[in-house]
K.L.:
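My questions will all concern the structure given below.
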Number of protein chains: 4
Amino acid sequence: MTTERTRRRLPRRVREREIVDAALRVFAQRGYHAAVVDEIADLAGISKPMVYLYLGSKENLFVACVRQAAEALVTAFRQAADSGDGPQLRLWRGLSAFFAFVAEHRDSWVILHRQTPEQSEAITEELERARESVMAEVTDLVRRGIDEGGADARLGAADADFVASALVGAADSLTDWMERNPQETPERVALRLMNMIWVGMRDVLGGEMWSPPGDSVG
Amino acid sequence: MTTERTRRRLPRRVREREIVDAALRVFAQRGYHAAVVDEIADLAGISKPMVYLYLGSKENLFVACVRQAAEALVTAFRQAADSGDGPQLRLWRGLSAFFAFVAEHRDSWVILHRQTPEQSEAITEELERARESVMAEVTDLVRRGIDEGGADARLGAADADFVASALVGAADSLTDWMERNPQETPERVALRLMNMIWVGMRDVLGGEMWSPPGDSVG
Amino acid sequence: MTTERTRRRLPRRVREREIVDAALRVFAQRGYHAAVVDEIADLAGISKPMVYLYLGSKENLFVACVRQAAEALVTAFRQAADSGDGPQLRLWRGLSAFFAFVAEHRDSWVILHRQTPEQSEAITEELERARESVMAEVTDLVRRGIDEGGADARLGAADADFVASALVGAADSLTDWMERNPQETPERVALRLMNMIWVGMRDVLGGEMWSPPGDSVG
Amino acid sequence: MTTERTRRRLPRRVREREIVDAALRVFAQRGYHAAVVDEIADLAGISKPMVYLYLGSKENLFVACVRQAAEALVTAFRQAADSGDGPQLRLWRGLSAFFAFVAEHRDSWVILHRQTPEQSEAITEELERARESVMAEVTDLVRRGIDEGGADARLGAADADFVASALVGAADSLTDWMERNPQETPERVALRLMNMIWVGMRDVLGGEMWSPPGDSVG
DNA sequence: GATGAATGAGCATTCATTCAT
DNA sequence: TATGAATGAATGCTCATTCAT
């Protein structure tokens, strides 16, 4: 005599994925600490002990979320950035993919970049790993752009790093701007951002540079 | 000859300020939820009830931190950005002040821009107010720069908004970059960021624009 | 062979009842504010979180106590007062039941009638509801007695109300008297009280009334 | 240089009385535990340490309130009940005084008769003493009435006690009834109550007694 | 005499985590 | 596999009480 709604027996992988998906939403909405395992279990449609059976701990669950979010983002980004000729086109595609991803998977982005630094070693490490992996993709793209653009001696690793950092930060911030301007497409936002940075970068590389009058900054 | 550890009796105002300062550090390090009022009290060198007597609640304490951080930042920024001729010089000074501020008051910046969105109405509102006040300063500066730079018809409020948003995001991100590159001065970082954005913006305004080949972005 | 002190696992309903029973005792002994949830949990043989899991809050727990106490008392009273011929017999049985109930469930009566008025809306409301339901039973009985006794024009609702109020107050007070005179049975106490009030009431209805000499009371 | 509102220097007795008066109101409104010393101090228009300087502790403050309330009530009652000829007149005057007192000094009555039993020895004792002193007055009055009315052998101390207990309880309860019926004067309420009880008592003493049919109660 | 400043101790409530079934 | 029942350990907040001035 089974109940109407028999307890679903799902393969481990599927269950696990469902749990992480639920967790992603709750963590993103409430933040790590304010998130309550009970709510995650509810949202996943299972009981709390199952969460622990599959993921071990809240901490570990969060780590899994970070990992999944990072993987998804990097995949989307790399796929886009690997196709096309010329650094500009690739960067534009990459940024477009980024904005598209964030627009569609807001939660993942929040998990990756809007978390208050946690005390937990494991979480900190995973977040760092994740952020680095994202940054690496962008830096790589930028560097290749610089190289192909014919960089002169003044430009080194630090510059690509600098540009990439600024780019990611700007992109993150524009994420909110997009929410306030819903008529804009990811492609258009990416294009605008790119032009702003890229053209400036190119010119700066070309030696055109503004300096404060009479002041030797260093 | 008083003992080192007699109960120090301080006037209300002083104590209040000390508490908020302590709270700023703890909130920045742990985040709102993970922060524990006990630790704040300890750091301020007093007992927990004093925190509640003076600030009322954890929530209110956080709001006070936000308010103080925002005021300090805006003051520093505006002071710098109000002096000097020409939009570029002013923007550069503003950005320099910003980076100097963040380098020196890391906690304040973390409070303002690295908080997981909280459920609390009061906090959300105060944070929004604070962020807007910061953004407004930057947007204003950017807009004046555009105007004086001779903007054509294509540029409106949305553009200043867009540029400001990207600028703030980039600056935020570069905040971390500065930590990883401690030999850089705020002035130099500001200069680099400025050139990148400014020159790019100017050229884009001037009609120079890259577009994906054969692709109508919209 | 299970250990005496394994965590006893009881179905929700049973536990809930046990908790309310324990709470009833503690609230009665200490009063709402002085009562400590820890003690209630101890007495119920469980941990504090269970109390909150099942009853939600101290306030709600108290409300549950009031509800249970009122229900029990009203049931006992009504059962007794509904049987028997003639208003006198019914009133006597009702009062006997009341005294028996209070003697046996002192705590319930204390909860219902000896609580310092609380600030809490919920508690105030529930207590009012409970007291009214008790009073209604008595008033009803008194009114029927008056009717059957052939009331004249001077008697209305206010009179039944007055008598019932005095009756309940007297009974409440005699509750303490009974504790000081343990050899008295509820039946005897009820009989004495009844005669005192009833005969007096009947005679007063019959027009026999004492007035202060020369004084027009109004 | 004195402030506009110089700190009033009052003789000890006066100050003490003001504090107790304030405490009376707060304790009555909130109950012993929920009452907060801060509020009492505020209401008395002084600072908290003064309360402790004068009264020593919250417990002691409450005891003082009980004492004052009891004294006032007993005084009022005795004064009224000592004048006039005949037990009936005296009882009526006493009850009238009681109802008048309660109507005017609700707080005192609440302190005396509506307090959840406290844990504190001192409080319990003082409350008992107070209640006994009130009850003694009433019992005395009742006993004298019985004596003068020519009681037969069946009536002893327990009976006066019983009647007094019922009387006080009824009066307490009618206190609320009066609030719901503000057009009634204390004198009228006293008269009604008296007639109900007195006539009944007299007749019962006279041998007129109702008994449950066929049931020997004891 | 009078008070602003300060705290030890306690209490309601919550939550990650684990058993017993 | 799956879960209802259960708890240890915090954590925000309050309050009677006491110093130092």
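Chain identifiers are assigned alphabetically (A, B, ...) following the order of the sequence lines, protein sequences preceding nucleic acid strands; residue numbering begins at 1 within each chain.
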K.L.:
Heavy atoms within less than 4.0 Å of DNA chain E: which residues of residues 47-55 of chain A have one? Give them sorted by number.
P.N.:
A:K48, A:P49, A:Y52

K.L.:
Crowded around A:R17 CZ? As in, over 12 foreign heavy atoms under 6.0 Å?
P.N.:
no

K.L.:
I need the CD1-P distance between D:I40 and F:dC15, as an integer number of Å.
P.N.:
12 Å

K.L.:
For B:D38, which residues count as a salt bridge (charged side-chain N to carboxylate O under 4.0 Å, His left out) partner, sequence neighbours excluded?
P.N.:
B:K48

K.L.:
Can you tell me how far C1' of F:dG12 sits from CG of B:N60, to the nearest Å?
P.N.:
14 Å

K.L.:
Could you run through DNA chain E and flag its stems, i.e. three or more consecutive Watson-Crick or G-U pairs with both distances under 3.5 Å?
P.N.:
E:2-21 with F:2-21

K.L.:
Could you check which residues of residues 114-123 of chain D get a heavy atom under 4.0 Å from DNA chain F? Sort them by number, please.
P.N.:
none

K.L.:
When the distance from NZ of B:K58 to P of F:dT11 is rounded to whole Å, what number comes out?
P.N.:
9 Å

K.L.:
Does anything in residues 29-36 of chain A come within less than 4.0 Å of DNA chain E? Heavy atoms only, and list the residues if so.
P.N.:
A:A35, A:V36

K.L.:
Within this structure, what is the CG-to-C1' distance between A:D38 and F:dT3, rounded to whole angstrom?
P.N.:
13 Å

K.L.:
Taking salt bridge (charged side-chain N to carboxylate O under 4.0 Å, His left out) as the test, write out the residues that go with B:E126, two or more places apart.
P.N.:
B:R67, B:R129

K.L.:
ring-ring contact (aromatic ring centres under 6.0 Å, His included) with D:Y54: which residues, sequence neighbours excluded?
P.N.:
none

K.L.:
Let's go through B:T116 and B:H33 carefully: what are the C-alpha distance in whole Å and the side-chain angles of both, what is the deciding distance for side-chain contact (heavy atoms from CB on, under 4.5 Å) to 0.1 Å, and is it a yes or a no?
P.N.:
CA-CA 9 Å; B:T116 301; B:H33 258 93; over 6 Å; no

K.L.:
For the salt bridge (charged side-chain N to carboxylate O under 4.0 Å, His left out) test, which of A:R25, A:K58, A:R30 pairs with A:E39?
P.N.:
A:R30

K.L.:
Return the set of residues passing side-chain hydrogen bond (donor to acceptor under 3.5 Å, both in side chains) with C:E18 (not counting sequence neighbours), or none when no residue passes.
P.N.:
none

K.L.:
What is the separation between atom CG on B:D42 and atom P on F:dG12, rounded to the nearest whole Å?
P.N.:
12 Å

K.L.:
Please name all residues satisfying salt bridge (charged side-chain N to carboxylate O under 4.0 Å, His left out) with A:R114, sequence neighbours left out, ordered by chain then number.
P.N.:
A:D172, A:D176

K.L.:
Tell me every residue that passes ring-ring contact (aromatic ring centres under 6.0 Å, His included) with A:H105, counting only those two or more places apart in sequence or in another chain.
P.N.:
A:F101

K.L.:
Applying salt bridge (charged side-chain N to carboxylate O under 4.0 Å, His left out), name anything that partners C:E16, two or more places apart in sequence or on another chain.
P.N.:
C:R12

K.L.:
Name the orientation class of the two ring planes belonging to A:Y32 and A:F27 (parallel below 30°, tilted from 30 to 60°, perpendicular beyond 60°).
P.N.:
parallel

K.L.:
Begin with the C-alpha distance, continue with both residues' side-chain angles, and end with the deciding distance and a verdict on side-chain contact (heavy atoms from CB on, under 4.5 Å) for C:L112 and C:V66.
P.N.:
CA-CA 6 Å; C:L112 285 176; C:V66 172; 4.0 Å; yes

K.L.:
Among residues 15-25 of chain C, which residues get a heavy atom nearer than 4.0 Å to DNA chain F?
P.N.:
C:R15

K.L.:
Would you mind telling me which residue lines up with the more 5' stretch of DNA chain F, C:L10 or B:E59, judged by nearest nucleotide?
P.N.:
C:L10

K.L.:
Just by modelled atom types, is the A:E118 backbone N or O under 3.5 Å from a matching donor or acceptor in the A:T124 side chain?
P.N.:
yes

K.L.:
When D:V26 is tested against each of D:V37, D:I40, D:D42 for side chain to side chain contact (heavy atoms under 4.5 Å, CB included), which residue passes?
P.N.:
D:I40

K.L.:
Looking at every non-hydrogen atom in both residues, tell me the closest pair between A:L61 and A:I19 and how far apart they are.
P.N.:
CD1-CG2, 4.0 Å

K.L.:
By nearest heavy atom, map C:I46 and B:G56 onto DNA chain F; which one lands nearer the 5' end?
P.N.:
C:I46

K.L.:
Could you check whether any side-chain N or O of D:N60 sits under 3.5 Å from a backbone N or O of D:L55, counting only pairs where one atom can act as donor and the other as acceptor?
P.N.:
yes

